[in-house]
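These values consider heavy atoms only, across backbone and side chains, with no hydrogens, waters or symmetry-generated copies. First the proteins, then the strands, lettered A, B, ... as listed; each starts at 1.
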There are 2 protein chains.
Amino acid sequence: MLTQRQALILKNIIRIYTQTEQPVGSKHLMNELPIQVSSATIRNDMAKLEEMGLLDKTHSSSGRIPSISGYRYYLDHLLEPSDVSSNDLAIIQQTFNQQYQMIDDIVEQSATILSTLTSYTAITLGPDVQDIKLDGFRLVALGNHQVMAILVTSAGTVQNQIFQVPESISGEDLEKAVRIINDQLVGQPLAVVAKRIQTDVPQMLMKYVSSPKGFLDIFGDVLKKAGSDHFYVGGRLNLLDFANNDVSSVKTLYSLFEKNDDLANLLRLPDFGTGGDSDKIMVRLGDELTPHTLRNYSLITATYDVHNHGRGVIALLGPTSMPYSRIIGLLDLIREELARRLTDYYSNFDD
Amino acid sequence: MLTQRQALILKNIIRIYTQTEQPVGSKHLMNELPIQVSSATIRNDMAKLEEMGLLDKTHSSSGRIPSISGYRYYLDHLLEPSDVSSNDLAIIQQTFNQQYQMIDDIVEQSATILSTLTSYTAITLGPDVQDIKLDGFRLVALGNHQVMAILVTSAGTVQNQIFQVPESISGEDLEKAVRIINDQLVGQPLAVVAKRIQTDVPQMLMKYVSSPKGFLDIFGDVLKKAGSDHFYVGGRLNLLDFANNDVSSVKTLYSLFEKNDDLANLLRLPDFGTGGDSDKIMVRLGDELTPHTLRNYSLITATYDVHNHGRGVIALLGPTSMPYSRIIGLLDLIREELARRLTDYYSNFDD
DNA sequence: TTTAGCACTTAAAGACTTAGAGTGCTAATA
DNA sequence: TATTAGCACTCTAAGTCTTTAAGTGCTAAA
């Protein structure tokens, strides 16, 4: 356990290091502390903190920098989120007050705000798709053997895709098939639908339609799209600033941003779904981050809860040394705001 | 005018510098030339080439590097495109042989191949939309006050967008409006359609529909999407390798890639549309590139001609020192291949 | 427990040296 | 006249040395 003064010293070394990115020396720190102690006293405490593994040196006679464990301790015991500045607040309100056509627009927009306000990179994920149901399926003929398949879910999300239809499938067949799909499968969870088109649905179609295979491929493709998570990444370019010229990690991250599965893995919270602490904001850094290339970064994740419509995730990726107080305050506010807007949206929607 | 030997020297300095990125000295060059001359002779020619502005030095006693004018001269007078390697050829054929659902997929795919084979950044643009006509407009009700608007063009491209429909607009009104649009405007060039919905169409709708304004906003939005160019950028990440740690220019380019208008400006060829030389491959470098931040890069543009369906552009952005022979051979092949595939596509399509 | 004092360490920056690659010029050569 | 050998000169890059400033750890006194 740290003495009060040691905690104060750790806290201030982290604060100063975040501002300057330079090792902090005892004399310099002396002038920055609210208490009056000599630099020798500070040196003694620093030595103890280093012994505990909370501080590091860049070389044997340098000032101290926080170690990963130091950040960990700070985050777990010392951090107090600060209030959002009135300036930031105004920006947030104003952005959320825009008119949106789709929920995904709101989720995407919150990634943009978050990255703009922090100069880091934000990742957001819409409310989870666990028990989303099929709300309807349409095929629209576009002429020239093209059709657009449209799938609407109970969450209000829409997926569409365009297909070249082989000559062998007739228009009437397609219409019949659509009718059967809607009659039989609307109202069922997407996961169930996905399973059934592998099992009993083909036979069901076989009775009325001459070539169910091509049709089911189309339906299956759109279904897959609708059933997978949709991530939004804001402030990709900010990465170039805080990546400290580490081109290889920038590349890793940029390609990671393009892959749904990798992003899902990155954001997956250790206790996701257990309920307990899941509305706490979590910070992971160093070896706690799973793709090992990211050990010089810090990832802050927060979930937001949309009343009766699942929960989503907003996250922020930045350097290990961030002004955590401000950042976490900000994240907390945006999380709440996003939850509120989405809850509003759905309450309109379900009327 | 250069002597033969001077041309040989310039050509080889460019070749070696492209491989090593190091200034080329007279002794080193002596061993690389197919002719037997002393380093002193080479030095004399180098001095003359420098006087003409075709070579530069990095400092007073350094070897020579090509100047921008040197590249210009090389490109205009000395360059001979080389044949595509059988390996590259196989990759190109294989990629283009995939099954595509839409023409835009092919165009996008060619940006990917081009960037993969070169390790630079490729930009492609589909056949131009000058005299594309409206082929059809659909509104599909999705439930919960949402509709999807779909616009099909004579070029086979499809745009869609989802709208929240105000309660004030009724379903029958929308259907009537769609019917009028299709009756009156199908077959007309998009530009004409865009003009007419500002002039006589509103009055036309007014007779049958109670609130044409909201409807025309929707139609106008999708129309605008369909009428604007669609660029594809491949190999964005490669930029990080050849940008020589110039983060600011990387940022400029990345944001440029997101803006249709800026990309259009960048690719717009000085003689675009004049017909004459327009199927020549053009290289622009240094001050010839309009956003001044790009003066350290080289941009190669080539147009491809889709029989009876307009012409598009494929382009490659890389460092000033590229293996131009290989690159231009490659670009020429892909340009032809792309034109052929699209011509095939349309000939199927118009049956 | 805190502090003053001091010897010691290290990185960063500047001065100096050296080696190596290259140039330009002159005078000899084919 | 065009080419070449030879040589003095230039400049960078890399290494060594020195100095300075910031910082530490330890000891002994308060």
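Rounded to a whole Å, the CD atom of B:Glu51 is 13 Å from the C1' atom of C:dG24. Rounded to an integer number of Å, the gap from B:Leu55 CG to C:dG22 P is 15 Å. The CD-C1' distance, from B:Gln22 to C:dG22, rounds to 13 Å in whole Å. Computed from coordinates, the B:Gln6 CD to D:dT3 P distance equals 10 Å when rounded to whole Å. Rounded to whole Å, atom P of C:dG24 lies 6 Å from atom CD of B:Glu50. Distance CD (A:Gln36) to P (C:dA4): 11 Å, rounded to an integer number of Å. Rounded to whole Å, the distance from CG on B:Asn44 to P on C:dA28 is 17 Å. For the pair A:Asp45 CG and D:dC26 P, the interatomic distance rounds to 15 Å; values are reported in whole Å.
Distance alone, capped at 3.5 Å, is enough to place a donor-acceptor pair between the A:Glu288 side chain and the A:Leu285 backbone. A:Ser115 places no side-chain N or O within 3.5 Å of a backbone atom of A:Thr121 that could act as its donor or acceptor partner. At distances below 3.5 Å, not a single donor-acceptor pair connects side-chain atoms of A:Arg326 with backbone N or O atoms of A:Ser82. The backbone N or O of A:Leu54 lies less than 3.5 Å from a partner atom in the side chain of A:Ser67, making a donor-acceptor pair.
For the pair B:Arg5 and D:dT3, the criterion of a side-chain N or O lying under 4.0 Å from OP1 or OP2 is met. For the pair B:Ser26 and C:dT23, the criterion of a side-chain N or O lying under 4.0 Å from OP1 or OP2 is met. Close to D:dT24, at under 4.0 Å from its OP1 or OP2, lies no side-chain N or O of A:Ser60. Contact check, A:Ser62 against C:dT10: no side-chain N or O comes under 4.0 Å of OP1 or OP2.
Out of C:dG24, C:dG5, D:dA5, the shortest distance to the side chain of B:Arg43 is found at C:dG24. When each of D:dT12, C:dA11, D:dG6 is scored by its nearest atom to the side-chain atoms of B:His59, the top-ranked nucleotide is D:dT12. Out of D:dT4, D:dT24, C:dT10, the shortest distance to the side chain of B:Thr41 is found at D:dT4.
Residue-to-nucleotide contacts include a donor-acceptor pair under 3.5 Å from the side chain of A:Ser61 to the base of C:dT9. For C:dG24, its base never sits under 3.5 Å from the side chain of B:Arg64 at any donor and acceptor pair.
Between B:Phe242 and B:Tyr120, the two ring planes are perpendicular [angle over 60°; tilted spans 30° to 60°].
Residue contacts shown for A:Lys57 are limited to sugar-phosphate atoms, with no base heavy atom under 4.0 Å away.
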